[in-house]
Amino acid sequence: MVLHAPVAPTGRLDRLRWTLTDGVTLVWRNLVQLKNQPGELVGALVFPAVMVVLFGYVFGSAIKVPGGGNYREYLMPGLFAMTSITSFMTTMLAVATDASKGVMDRFRSMPMARSAVPFGQVGGDILVGALGMVIMVGCGLAVGWRIHDGLPKALAAFGLLILLRYAISWAGVLCGLVVKNEETADQMVPLVFPVSMLSNSFVPTAGMPAWLRVIADWNPVSAAVAACRGLFGNPGAPAGDVALPLRHPVAATLLWSGVLLVIFVPLSVRRFRTLNR
Amino acid sequence: MTSSEPAIWAEGLRKRFGPTEAVRGVDLEVPEGGVFGLLGPNGAGKTTTVRILSTLTLPDAGRARVAGYDVVRDADQVRYRIGLAGQHASMDEKLSGRDNLRLFGRLYHLPPRVARRRADELLERFGLAGAGDRLVKTYSGGMRRRIDLISSLITAPPVLFLDEPTTGLDPRSRGEIWDTIRELVADGVTVLLTTQYLDEADRLADRVAVVDRGQVIASGTPDELKAEIGSRIDVVVSAADAFADATAVLSRIGEPDTDPESRRVSVPVSAGSVTLPAVVRELDRAGVEVEDVTLRRPTLDEVFLRLTGRAEETAEKVSA
Ligand SMILES: Nc1ncnc2c1ncn2[C@@H]1O[C@H](COP(=O)(O)OP(=O)(O)OP(=O)(O)O)[C@@H](O)[C@H]1O
Ligand SMILES: [Mg+2]
């Protein structure tokens with residue numbers, strides 16, 4: 001059983017290359033996991049479709065869009081944003097599971113790039129998220145949602161959604177590393193819903209009590225939703241006296257994502273390095 | 001690595017978790033090749049020691065070198081030369097056994113084709129080829145431990161850490177793991193193994209160290225440790241009512257261990273101090289009818305109990 005032992009990287013370039021390969025390997029792992037759990041994948045993909053029906057037709061029948069327009073056109077950007085922030089719980093669950101099952105320990109006993117694990121995790125999540133987004137777009141088109149302002153702006157909107165998803169999954173990585181326990185992580189899943197509901201995703205914030213409205217207006221989700229509505233040309237664009245982030249929703253989304261990344265990337269990577277130390 | 005350097009060497013390792021001092025100055029020297037057993041009761045600090053040596057935990061104090069490299073300063077170099085099978089199986093349950101091995105191979109930076117070949121090779125060699133394509137979550141406890149152990153062999157590392165590799169396994173699965181370990185040793189691998197089963201250490205280990213409350217309290221070959229506490233005389237009486245008399249007779253030699261259920265009294269004797277015929281005569285004179293009298297070397301269990309001096313706790317562990 002003679003196998004030439006691989007050698008540790010020496011140069012900075014070598015290290016960078018290996019960090020990338022490790023990241024790709026972990027993305028591969030995420031995809032194989034999904035292939036092995038078709039149930040989870042179907043669930044992740046059917047969920048958005050159910051939401052479209054539930055909100056679009058059940059609640060939508062009673063909600064009036066400010067400034068007029070089709071509620072389902074108003075709704076779709078909200079649902080896009082909602083699925084983006086579910087990446088928080090999927091990443092947290094995956095990371096917590098690895099940590100509780102000792103898989104993290106095995107990774108850490110290997111000469112792999114320390115930061116590859118969290119990067120691989122969020123990278124895999126982005127691919128799954130993109131797939132979910134495609135399905136969601138299909139559902140939207142089926143119920144009458146349209147892109148009105150041309151493809152470039154629409155792509156910019158999807159870009160923003162992916163950026164937000166990416167930033168939020170980093171928060172999920174940190175939480176997963178902190179709870180380190182599958183069951184606890186499972187119990188935290190429902191917390192995602194209030195965060196996405198407490199925004200302009202489903203109803204205009206104008207009707208909320210003042211204190212709640214402040215929270216909703218400053219919720220990063222609201223900025224992303226407003227940005228998407230503007231870029232897709234969907235109804236419900238904020239008008240008149242609105243909170244600062246909603247006046248410049250694209251900039252606000254970029255800023256929020258940047259802030260989340262600046263906080264959670266270093267914390268997660270550090271936490272991963274020093275796990276159980 | 002010079003050939004004279006021990007495979008594992010540690011000096012004054014310490015690690016504290018909050019108020020608990022898990023490791024309080026552990027020294028180890030494990031020569032290249034063979035099995036080194038780390039024995040100790042629950043909470044003795046075995047896992048913490050293994051985690052320090054396998055670069056998962058930073059020691060608060062002390063130094064350690066594994067396969068010629070410092071575990072803190074040259075952690076990556078150490079990581080290329082060790083395999084670790086932790087106390088709790090550490091596989092991705094949502095992947096098949098084969099994909100797990102491929103994943104780990106890739107993370108050791110083997111080229112994809114080599115990683116795949118290596119996975120097939122290992123599954124074949126260690127009798128898991130049939131189950132290789134099933135998800136690990138469908139594996140039995142024994143198969144899990146085995147795939148976990150195999151996962152640590154991907155790069156054929158010269159030093160292996162196995163933390164309680166057979167805990168919770170049935171005798172057959174244990175035997176299979178032992179065979180695997182013996183095969184590895186025949187290949188020249190150095191294995192550091194922690195265990196609570198002393199017969200396991202007795203069978204596999206060339207040298208053992210007994211750890212208690214974070215310190216090494218004895219080390220040597222199993223034979224040396226047994227010799228240190230001397231031989232024992234075991235008496236099994238025929239009838240339960242003779243038990244007290246037998247205990248009284250043997251108390252004159254030393255402090256007896258009694259086991260009324262199996263009607264066995266056992267007493268340690270230092271070499272040359274008493275002869276078996278003398279004991280038999282004494283028993284006869286006291287009118288004790290015996291079923292069996294033997295002079296034997298102590299088991300490693302007895303050595304362990306004597307050394308750790310925490311008989312009650314160990315009894316709890318056995319009954320648990
Ligand atoms: N991460 C940790 N945080 C807090 N305490 C810890 C941690 N790891 C270990 N300990 C404590 O350190 C002591 C030694 O633990 P360790 O796991 O090394 O013992 P062990 O010999 O492996 O025991 P066992 O036979 O039960 O596996 C115990 O008291 C344990 O509770
Ligand atoms: Mg342990």
Side-chain angles (χ1 to χ4, degrees), chain A residues 1-10 14-15 17-41 93-95 97-114 116-117 120-121 124 182 272-277, chain B residues 15 17 51 54-58 67 69 74-96 99-100 102-112 114-115 118 121-122 125 135-137 148 151-158 161 183-184 187-189:
Chain A
M1 196 165 69
V2 179
L3 198 80
H4 68 96
V7 283
T10 40
D14 260 3
R15 265 189 188 281
R17 210 183 64 227
W18 285 16
T19 307
L20 290 178
T21 6
D22 288 347
V24 170
T25 303
L26 289 166
V27 171
W28 169 80
R29 164 193 182 220
N30 272 294
L31 295 182
V32 178
Q33 278 184 345
L34 274 180
K35 189 196 81 193
N36 292 341
Q37 315 272 315
E40 267 176 43
L41 187 59
L93 266 177
V95 170
T97 306
D98 279 354
S100 62
K101 287 280 187 303
V103 180
M104 283 298 182
D105 277 350
R106 186 176 289 287
F107 287 160
R108 291 176 60 250
S109 78
M110 290 180 172
M112 58 184 294
R114 302 285 91 179
V117 174
Q121 193 67 52
E182 235 179 315
F272 180 76
R273 284 212 179 109
T274 59
L275 208 62
N276 287 329
R277 289 232 141 163
Chain B
K15 182 72 187 179
F17 296 103
R51 288 177 67 90
S54 55
T55 77
L56 292 183
T57 298
L58 283 177
Y69 289 92
D74 296 318
D76 262 354
Q77 296 289 355
V78 171
R79 291 181 184 127
Y80 270 113
R81 290 165 179 81
I82 60 166
L84 167 70
Q87 187 165 357
H88 305 287
S90 52
M91 307 298 291
D92 186 335
E93 309 243 310
K94 293 179 185 171
L95 295 186
S96 66
D99 283 340
N100 263 292
R102 285 178 62 196
L103 169 68
F104 299 139
R106 293 290 290 124
L107 293 176
Y108 276 114
H109 307 124
L110 299 178
V114 178
R118 183 72 182 146
E121 212 173 271
L122 285 168
R125 175 169 172 193
L135 297 194
V136 169
K137 71 174 171 201
D148 208 36
S151 299
S152 61
L153 305 178
I154 296 194
T155 54
F161 295 98
E183 271 181 57
L184 293 169
D187 287 344
V189 174

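Lettering of chains follows the sequences in order, A, B, ..., and the numbering in each one begins at 1.
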Heavy-atom proximity to chain A below 4.5 Å, by part of B:E93: side chain

Part of B:L107 within contact of chain A (heavy atom distance under 4.5 Å): both

Selection from B:Q87, B:H88, B:R106 maximising heavy-atom pairs under 4.5 Å formed with chain A: B:R106

Top contributor to chain B interface from A:M104, A:K35, A:M110 [non-hydrogen pairs under 4.5 Å]: A:M110

Main-chain N/O of B:T57 paired with B:R51 side-chain donor or acceptor, under 3.5 Å: no

Any donor-acceptor pair under 3.5 Å from A:K101 side chain to B:M91 backbone: no

Parallel, tilted or perpendicular: ring planes of B:Y80 versus B:H109, cut at 30 and 60 degrees: tilted

Derivation of the side chain to side chain contact (heavy atoms under 4.5 Å, CB included) call for B:D92 and A:V32: CA-CA 11 Å; B:D92 186 335; A:V32 178; over 6 Å; no

Heavy-atom proximity to chain B below 4.5 Å, by part of A:T21: side chain

Which portion of A:Q37 sits near chain B, non-hydrogen atoms under 4.5 angstrom: side chain

A:D98: which of A:R106, A:R108, A:R29 passes salt bridge (Lys or Arg N to Asp or Glu O under 4.0 Å): A:R29

Residue pair B:S90 / B:D148, side-chain heavy-atom distance below 4.5 Å: yes

Contact origin within B:S96 toward chain A - heavy atom pairs under 4.5 Å: backbone

Residue part contacting chain A, namely of B:F104, when any heavy atom lies under 4.5 Å: both

